[in-house]
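Written below as structure tokens is the structure these notes are about.
Being a predicted model, the structure only gives us computed values, none of them experimental.
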Amino acid sequence: MNTLFLLAAASVLPSSSVQSGDIELSIADFSGQKHAEFSQVIEGQRVLMLVGMSHPSAAQSKAEYTRASWSFTDAQPASQGILLTGSYNGTPGERLITAIGPGRFRVTDIVKTVKDAMVASAMSGYVVWPQGQASIRETHAPDSLGHAITDHFFGSPFLFAGSGISSCALRPDLQALGTYRPMPAILDNYVRPNGSVEMGFGFASLKDDSDGLRRELYERRVPGELRWTYELDFNTTT
């Protein structure tokens with residue numbers, strides 16, 4: 001489905017938008033579900049640059065732990081940003097997106113689990129350039145085969161995808177992760193056949209599958225709510 005058509009077909013909430021450099025963060029409503037859209041005006045047309053996994057323009061992810069699990073039913077303006085509230089796999093959750101510089105956004109996701117809940121994963125998944133024509137230019141996280149990397153190997157990790165002269169990086173907040181790590185954190189990426197790129201970050205308990213790759217999930221107890229923070233950094237030139 002054409003991305004530009006989706007932008008026109010959705011009911012956009014004008015009170016919930018933030019301009020940061022060339023990038024506009026806005027909230028679209030599809031059948032009562034609120035979706036964050038990061039877009040840019042290119043040659044007079046607004047084009048989607050990044051959306052969440054549950055956005056109608058994003059097909060289902062190939063990885064179990066990055067599939068669409070977020071459902072947002074409310075969006076409210078926040079200081080320099082937007083607060084989305086809803087659920088993650090049926091558990092109450094929220095996402096705070098704040099502009100922190102030209103084309104830069106800080107995101108904090110919270111899943112309000114109860115103490116000693118059994119959890120296998122809690123992830124934030126995005127699709128970069130859902131209309132295609134993107135590529136993984138460089139990555140300091142998963143390898144070219146799309147294998148997930150766990151935080152045991154984090155140095156200065158980020159995911160970096162590009163399309164033409166534009167790029168987007170996802171950077172985990174290592175300081176926040178250093179003070180709060182209730183379960184292992186992972187990064188993951190994947191180039192789809194149409195040229196769009198998946199990016200995922202969050203918590204997941206993985207064990208080796210039959211091929212020796214860290215892909216199988218298993219549940220573990222968590223002390224309470226799960227919270228992870230990261231940046232989305234767009235570098236665009238028109």
Side-chain angles (χ1 to χ4, degrees), residues 3 18 20-25 36-42 47-53 55 57-59 61-63 65-68 70 95 97-109 123-178 184-204 206 213-215 228-238:
T3 300
V18 176
S20 181
D22 293 337
I23 301 297
E24 180 182 55
L25 163 64
E37 297 181 338
F38 297 85
S39 61
Q40 179 189 14
V41 174
I42 299 176
V47 178
L48 286 178
M49 308 298 282
L50 182 144
V51 296
M53 290 288 189
H55 191 279
S57 68
S61 169
K62 52 87 191 179
Y65 45 85
T66 55
R67 287 177 184 163
W70 284 99
R95 171 171 293 166
I97 309 174
T98 306
I100 58 175
R104 294 178 60 208
F105 298 85
R106 179 180 175 89
V107 186
T108 297
D109 287 339
M123 297 285 297
S124 305
Y126 296 94
V127 177
V128 187
W129 288 275
Q131 67 271 25
Q133 308 306 315
S135 62
I136 297 178
R137 290 181 175 178
E138 179 182 2
T139 175
H140 285 223
D143 61 28
S144 60
L145 296 179
H147 302 161
I149 186 169
T150 66
D151 55 19
H152 295 291
F153 299 95
F154 282 3
S156 298
F158 61 89
L159 300 176
F160 187 35
S163 177
I165 57 177
S166 300
S167 63
C168 177
L170 187 157
R171 297 187 179 90
D173 185 329
L174 296 187
Q175 183 175 1
L177 189 61
I186 68 167
L187 281 161
D188 191 23
N189 62 11
Y190 175 69
V191 181
R192 294 179 170 189
N194 77 333
S196 60
V197 175
E198 295 180 17
M199 290 183 172
F201 171 65
F203 297 115
L206 296 174
L213 303 178
R214 298 186 66 80
R215 282 298 195 189
W228 60 102
T229 303
Y230 50 96
E231 290 186 14
L232 298 172
D233 189 348
F234 297 87
N235 181 9
T236 60
T237 304
T238 56

Would you say Ser39's side chain and Leu48's backbone share a donor-acceptor pair under 3.5 angstrom?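 No; judged by distance alone, with no hydrogens or angles, the pair does not exist.
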
Do the side chain of Trp70 and the main chain of Met123 share a donor and acceptor less than 3.5 angstrom apart?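 Side chain of Trp70 to backbone of Met123: a pair is present.
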
Report yes if some heavy atom in the side chain of [X] is under 4.5 Å from a heavy atom in the side chain of [Y]; otherwise report no.
X      : Y      : value
Asp233 : Phe158 : no
Ile23  : Gln40  : yes
Leu187 : Pro172 : yes
Val127 : His55  : no

What are the two closest heavy atoms between [X] and [Y], and how far apart are they?
X      : Y      : value
Trp228 : Phe201 : NE1-O, 3.5 Å
Ile100 : Arg106 : CG2-CB, 3.8 Å
Phe234 : Met49  : CE2-CB, 4.0 Å
Arg95  : Ile97  : CG-CG1, 3.8 Å

Taking only residues two or more places apart in sequence, or in another chain, which ones meet Tyr230 in a side-chain hydrogen bond (donor to acceptor under 3.5 Å, both in side chains)?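 Listed in chain order: Asp109, Ser124, Tyr126.
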
Looking at residues at least two apart in the chain, or sitting in another chain, which of them share a side-chain hydrogen bond (donor to acceptor under 3.5 Å, both in side chains) with Thr229?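 Applying side-chain hydrogen bond (donor to acceptor under 3.5 Å, both in side chains) to Thr229 gives Thr108.
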
Among residues at least two apart in sequence or on other chains, which ones pass ring pair (Phe, Tyr, Trp, His ring centres under 6.0 Å) with Phe105?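 Only Phe38 meet the ring pair (Phe, Tyr, Trp, His ring centres under 6.0 Å) criterion with Phe105.
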
Can Glu24 and Val41 be said to form a side chain to side chain contact (heavy atoms under 4.5 Å, CB included), step by step? CA-CA 9 Å; Glu24 180 182 55; Val41 174; over 6 Å; no

What do the steps show when you test Cys168 against Trp129 for side chain to side chain contact (heavy atoms under 4.5 Å, CB included), and what is the final call? CA-CA 10 Å; Cys168 177; Trp129 288 275; 4.2 Å; yes

